[in-house]
Amino acid sequence: MRHLTLAAVMALLSAPAFAAGHASGDAAAGEEQFNRQCVACHVIVNDAGETLAGRNARTGPNLYNVTARGIGMYPDFAYGDSLVELGATGEMWTEENFVGYVQDPTGWLREKLDNRRARGKMAYQVRAEEDAINLYAYLASFSAE
Ligand code: HEC
């Protein structure tokens with residue numbers, strides 16, 4: 001009985017929909033949205049220092065490899081306490097987490113941390129869930145192997 005339960009949990013955890021980096025959206029549509037909605041604050045710069053998207057915005061962290069690196073993990077960025085607290089739990093930017101966050105950073109952090117005082121420092125909300133899903137696919141395409 002115990003073994004069966006554990007096996008069921010493992011199967012759930014390893015289902016692709018729950019894996020960080022698994023994307024169901026359209027990366028090309030996400031690129032268009034990124035250039036429209038995100039470049040005011042974010043860039044995508046790879047480890048070699050090449051700018052792959054955006055210009056030189058530094059208000060938000062570099063989003064290169066964000067779907068694989070963990071929440072609030074870009075070195076030298078002064079994240080808000082709530083994002084850092086969540087990242088310390090080992091939580092990742094899965095598609096589900098990302099889509100919830102970008103549509104309402106503070107509301108999502110409050111729910112995830114079960115803390116009404118939690119706050120996100122990202123002063124932006126994506127309006128359409130479809131755009132959020134496509135943005136995730138675009139960002140996942142920059143994941144280093
Ligand atoms: C007005 C500036 C601004 C805009 C526009 C903006 N962001 Fe952000 N973003 C931030 C800031 C600031 C943070 C850091 C939040 C914190 O520390 O709580 C952040 C954090 C993030 C994170 C978490 C990164 C990590 O390292 O964990 C993701 C993912 C993200 N933004 C995606 C997006 C996407 C996608 C868009 C476009 C739809 C976008 N942002 C638009 C300012 C912005």
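The figures here come from the full heavy-atom set of this structure, side chains too, leaving out hydrogens, waters and symmetry mates. All figures in this text were calculated on a predicted structure; none of them were measured in a lab. Counting convention: from 1, in listed order, for ligands and their atoms alike.
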Exercise. Between Y79 and ligand 1, does any nitrogen or oxygen pair lie at a separation below 3.5 Å?
Worked result: yes
Exercise. Does the N or O separation between G80 and ligand 1 drop below 3.5 Å for any pair?
Worked result: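 Yes: some nitrogen or oxygen of G80 is under 3.5 Å from one in ligand 1.
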Please check if the side chain of [X] supplies one atom and the backbone of [Y] the other of a donor-acceptor pair under 3.5 Å.
| X | Y | value |
| --- | --- | --- |
| Q103 | V99 | yes |
| H42 | P61 | yes |
| N35 | E31 | yes |
| R55 | A40 | no |
| Y79 | Y74 | yes |

For this session: May I ask you to check whether Q33 and N134 show a side-chain donor-acceptor distance below 3.5 Å?
Result: no
Sub-4.0 Å atoms of ligand 1 with respect to non-hydrogen atoms of [X]:
| X | result |
| --- | --- |
| V126 | 38 (C) |
| F98 | 29 (C), 35 (C) |
| G72 | 25 (C), 26 (O), 27 (O) |
| L135 | 38 (C) |
| I71 | 27 (O) |
| W93 | 23 (C), 24 (C), 25 (C), 27 (O) |

For this session: Please state whether F77 comes within less than 4.0 angstrom of ligand 1, counting heavy atoms only.
Result: yes
Exercise. Among the heavy atoms of R69, does any lie under 4.0 Å from an atom of ligand 1?
Worked result: yes
Problem set entry | N, O or S atoms of the protein lying under 2.8 Å from atom 8 (Fe) of ligand 1 | H42 NE2, M122 SD
Return the residue, atom name and 0.1 Å-rounded distance of the protein heavy atom closest to [atom].
| atom | value |
| --- | --- |
| atom 22 (C) of ligand 1 | Y101 CE2, 3.6 Å |
| atom 18 (O) of ligand 1 | K121 N, 2.9 Å |
| atom 12 (C) of ligand 1 | T59 O, 3.3 Å |

Exercise. Among all residues two or more places apart in sequence or in another chain, which pass the side-chain hydrogen bond (donor to acceptor under 3.5 Å, both in side chains) test with N46?
Worked result: E50
Problem set entry | side-chain hydrogen bond (donor to acceptor under 3.5 Å, both in side chains) partners for E129, two or more places apart | none
Seminar exercise, completed: Heavy-atom nearest pair, Q125 first then D104, reads NE2-OD1, 3.4 Å
Side-chain donor-acceptor pairs of residues 115-124 under 3.5 Å, sequence neighbours excluded:
{"unit_1": "N115", "atom_1": "OD1", "unit_2": "R117", "atom_2": "N", "d": "2.8"}
{"unit_1": "K121", "atom_1": "NZ", "unit_2": "A78", "atom_2": "O", "d": "2.6"}
{"unit_1": "Y124", "atom_1": "OH", "unit_2": "Q37", "atom_2": "OE1", "d": "2.7"}

For this session: Look at the rings of Y138 and F34 and say which category their plane angle falls in: under 30° parallel, 30 to 60° tilted, over 60° perpendicular.
Result: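 Because their plane-to-plane angle lies in the 30° to 60° range, the rings of Y138 and F34 count as tilted.
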For this session: Kindly assign one of parallel, tilted or perpendicular to the pair Y101 and W93, based on the angle between their ring planes and the thresholds 30° and 60°.
Result: tilted
